[in-house]
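Values in this document were obtained by computation on a predicted structure and should not be read as measured data.
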Number of protein chains: 2
Amino acid sequence: MSKPHKSITAQDVANHAGVSRAVVSRALSDKGSIAPETKTKVIAAARELGYQVNFLAQGLNRKRSQLIGVVVARIKDPFRSSLLEGLIHMIQRRGYQALVTEVNSDKELEATMRQFTQFRVSGVIVTSGQPPATLVNECVQFKIPVVGINRELDIPLVDFVCSDNQQGAVLATDHFLKWGCHRFAWLNYAGSTWAGVQRGLAFEQALESAKVGPHSVQQVIAEQDGYEGGEAAALAFDLSQGLPQGIFCANAQLACGFLDGMRQRGFDAPKDFHLIGFDNTPQTAQYSYRLTTLNQDIPALCSEALNCLESRNKSPNQAARLIKVPVSLVVRHTSPVINLG
Amino acid sequence: MSKPHKSITAQDVANHAGVSRAVVSRALSDKGSIAPETKTKVIAAARELGYQVNFLAQGLNRKRSQLIGVVVARIKDPFRSSLLEGLIHMIQRRGYQALVTEVNSDKELEATMRQFTQFRVSGVIVTSGQPPATLVNECVQFKIPVVGINRELDIPLVDFVCSDNQQGAVLATDHFLKWGCHRFAWLNYAGSTWAGVQRGLAFEQALESAKVGPHSVQQVIAEQDGYEGGEAAALAFDLSQGLPQGIFCANAQLACGFLDGMRQRGFDAPKDFHLIGFDNTPQTAQYSYRLTTLNQDIPALCSEALNCLESRNKSPNQAARLIKVPVSLVVRHTSPVINLG
DNA sequence: TGTATAAATGAACACGTGTTCACTGCGTTG
DNA sequence: CAACGCAGTGAACACGTGTTCATTTATACA
């Protein structure tokens with residue numbers, strides 16, 4: 001029962017089938033030439049013995065494991081966990097395994113990526129932090145493709161997949177304008193991600209294109225991220241000039257917090273202001289919030305990311321790609337549909 | 001720039017330091033005897049060349065990789081993502097890497113665990129589904145320790161770490177009784193996890209110990225899990241006999257949904273009923289919910305799980321352990337502190 | 001000084017796989 | 001009948017590491 005259990009190898013299958021080990025490898029990998037009846041015989045023997053390849057040996061030989069490294073941060077954040085779920089799902093679906101690492105500083109990220117190369121991963125997906133140049137170079141030297149999600153940098157040979165923040169800002173702006181909003185604010189937090197900053201800039205730009213002067217646009221920077229940051233920002237909001245009618249949030253957590261903060265001061269959406277946040281997290285759909293949000297197409301983001309990895313695995317030196325994934329406006333209670341009646 | 005990049009091996013370090021490869025191995029692993037000056041010389045050479053061991057070769061040789069397989073389901077669920085975050089954090093902290101797999105059926109779980117053995121993982125942590133006997137046997141034969149979190153089964157050589165549902169039910173019951181509640185309900189969903197069922201039973205038992213007759217306890221089974229399940233259950237709740245005063249939920253998502261469902265019918269906590277749910281997820285702390293919850297000690301769960309793995313790696317045949325981790329009552333608005341004034 | 005003991009080192013093997021290369025036997029063609 | 005090509009096979013090597021074992025060197029002791 002508790003014997004050392006010699007694990008069964010391709011050699012065992014070969015002995016059992018009366019062929020050489022090389023034939024076993026060919027029979028199972030569909031490479032090289034092999035007689036049909038030998039093949040079936042070997043496969044039968046393998047099944048009978050319950051043979052399973054040793055991924056470590058296989059990877060060592062191929063100089064590549066079927067692992068894909070995933071870098072994430074703050075997994076419990078609702079959007080991030082949804083993205084991670086999508087990534088893992090897609091990774092498994094395409095026959096890989098997810099090596100997930102949580103990273104909170106760039107130093108950690110460096111150590112992490114080093115370990116990825118030590119495992120000879122087939123690819124690296126970065127959803128947090130910005131890949132340090134030295135490590136990216138290391139990956140490039142090992143011919144390990146790297147792709148970033150929801151960030152854009154100009155790194156040679158590194159692809160990026162990103163939700164279309166510009167389009168999202170335009171969708172939000174149009175919706176606000178249809179409601180007749182004429183004063184605006186946008187909320188972000190100090191030390192925001194690249195995507196957060198980008199969304200704010202895109203919002204300002206979209207308003208400018210719509211001939212809304214910059215004096216009608218107020219920028220609010222919360223001291224921290226997440227619900228608490230948004231709540232605190234609302235509690236500290238300067239109301240001496242009244243509330244802006246259209247408020248745009250860099251992410252859903254900030255938006256929920258901001259809404260709850262305003263409620264504590266006696267204001268609510270859409271009665272007193274309109275609110276649109278990025279990231280259509282499950283929570284935003286709940287009765288207590290019913291936020292109008294910009295939905296990121298998570299399956300598309302994940303699918304494109306893996307496309308990039310596989311494509312670059314085939315031709316490692318192709319030019320870096322930047323793929324923008326469209327977002328869509330999910331209209332809910334905090335800035336409802338416009339009644340045409 | 002895009003040359004094949006021969007990766008540097010221990011042999012290269014050996015050549016560079018003018019010793020044999022075996023010495024390199026000893027210098028870096030602190031095993032076997034080695035002259036101090038040779039050691040520093042080798043380490044210097046390794047650093048100079050930027051040598052990093054190949055984990056695949058290392059694992060192949062040791063018959064064990066430094067990977068730990070983690071089985072999860074529905075990652076985007078708030079409690080599950082918090083648990084996953086804690087696990088990954090703890091796994092990295094102890095020098096392993098997390099191989100994360102999402103699983104939705106027992107068939108998937110079987111395939112997954114098979115792949116874990118193919119990677120010769122150092123351990124498997126199951127947070128979803130119940131480990132199929134055949135696969136557990138396979139792991140046992142490979143001497144791969146398996147530990148389950150928040151479930152208990154009687155499987156030889158498999159350890160379990162579980163929040164103390166009984167204690168949680170008692171805490172909730174005591175709190176309800178102090179408020180003078182005399183009619184109760186508990187909410188779960190059809191096809192619940194083992195933990196969910198257990199919590200309901202423990203609640204009934206705690207009430208029975210407090211001399212509350214079973215006719216005062218109502219059981220509600222939602223058709224599905226999560227917020228939507230709880231909301232639907234509240235909307236369908238039979239009010240002909242009025243509302244129970246003390247309502248206990250198997251998890252936080254159900255509780256949030258139930259609360260919002262009741263609000264849609266004009267009821268609210270703690271005005272019309274008291275509500276306590278398991279899982280102190282971030283959302284429950286938010287202003288719109290402020291749920292009184294039972295907090296699971298996630299760091300302790302994760303730490304104990306890894307303790308089990310490491311302990312069983314040292315002595316594989318020790319008796320199966322069941323570790324109960326205490327929970328604590330977080331008193332918030334839906335069943336507030338009792339005013340002694 | 002000779003010997004026993006310990007420390008330090010390198011050659012060799014094992015881990016399990018994929019792939020190259022030489023070889024055999026067979027059918028085809030000139 | 002000879003020559004040729006070709007499908008099928010197995011021996012051997014490479015991947016990079018950890019560890020055993022024999023060998024060499026230095027040290028202590030009688």
*asked:* Considering every strand and a 4.0 Å limit on heavy-atom distances, what is the contact class for A/Tyr51: base, sugar-phosphate, or nothing?
replied: sugar-phosphate
_Candidate nucleotides D/dG16, C/dG18, C/dC13, ranked by approach to the side chain of B/Arg21 - the nearest_ = C/dC13
*Atom CZ of A/Phe119 to atom C1' of D/dC15: distance rounded to whole Å?*
16 Å
*Nearest-angstrom distance from the residue atom CZ of A/Arg64 to P of C/dG18*: 16 Å
_Below the 4.0 Å mark, does D/dG8 have OP1 or OP2 next to a side-chain nitrogen or oxygen of A/Thr38?_
no
_Between A/Gln58 and C/dG16, is there a contact of a side-chain N or O with OP1 or OP2 at under 4.0 Å?_
no
*How close or far is atom C1' of D/dG16 from atom CZ of B/Arg120, stated in whole angstroms?*
17 Å
*asked:* On the nucleotide C/dG18, are OP1 or OP2 found under 4.0 Å from the side-chain N or O atoms that A/Ser25 carries?
replied: yes
*Should the pair B/Glu310-B/Arg94 be classified as a salt bridge under the 4.0 Å nitrogen-to-oxygen rule?*
yes
*asked:* Between P on D/dA12 and CG on A/Asn61, what's the gap in Å once rounded to a whole number?
replied: 18 Å
*Considering only side-chain heavy atoms of A/Asn54, which listed nucleotide, D/dT17, C/dT17, C/dG10, is closest?*
C/dT17
_Expected output: side-chain B/Arg74 to main-chain B/Val103 donor-acceptor under 3.5 Å_ = no
*Within this structure, what is the CD1-to-C1' distance between A/Ile34 and D/dA7, rounded to whole angstrom?*
12 Å
_From D/dG10, D/dT17, C/dT9, nucleotide with atom closest to A/Ala22 side chain_ = D/dG10
*Please give, in whole Å, the distance from C/dA8 C1' to B/Lys31 NZ?*
18 Å
*From C/dA8, C/dT17, C/dC15, pick the nucleotide closest to the side chain of B/Ser33?*
C/dA8
*Minimum-distance nucleotide to A/Lys63 side chain [options: D/dA7, D/dC15, D/dG18]*: D/dC15
*Choosing from D/dG18, D/dT9, C/dG16, which nucleotide comes nearest the side chain of A/Ala35?*
D/dT9
*Options D/dT17, C/dT17, D/dG8, nucleotide nearest the side-chain atoms of A/Pro36*: D/dG8
_Using only atom types and a distance under 3.5 Å, with no angle test, would you say the side chain of B/Asp159 pairs donor to acceptor with the backbone of B/Leu322?_
no
*Just call it for A/Leu60: base, sugar-phosphate, or nothing, with non-hydrogen atoms closer than 4.0 Å on any strand.*
base
*asked:* Quick check on DNA chain C: between B/Ala57 and B/Val23, whose nearest nucleotide comes earlier from the 5' end?
replied: B/Val23
_I'd like to know if the side chain of A/Ser65 and the backbone of A/Phe119 have a donor-acceptor N/O pair within less than 3.5 Å._
yes
*asked:* I want to verify a distance call: between D/dT9, D/dT17, D/dT20, whose nearest atom is closest to the A/Arg26 side chain?
replied: D/dT9
*asked:* If we check side-chain contact (heavy atoms from CB on, under 4.5 Å) with A/Val71, which of these qualifies: A/Val146, A/Leu109, A/Thr127, A/Ile125?
replied: A/Leu109
*Given D/dG10, D/dG18, C/dT17, which nucleotide is nearest the side-chain atoms of A/Ser20?*
D/dG10
*Nearest-Å distance for atom pair CD/C1', residues A/Gln11 and D/dA12*: 13 Å
*Closest heavy-atom pair and its distance - B/Asn104, B/Ala73*: OD1-CB, 4.3 Å
*For the pair made of CZ in A/Arg62 and P in C/dT19, what is the distance, rounded to whole Å?*
7 Å
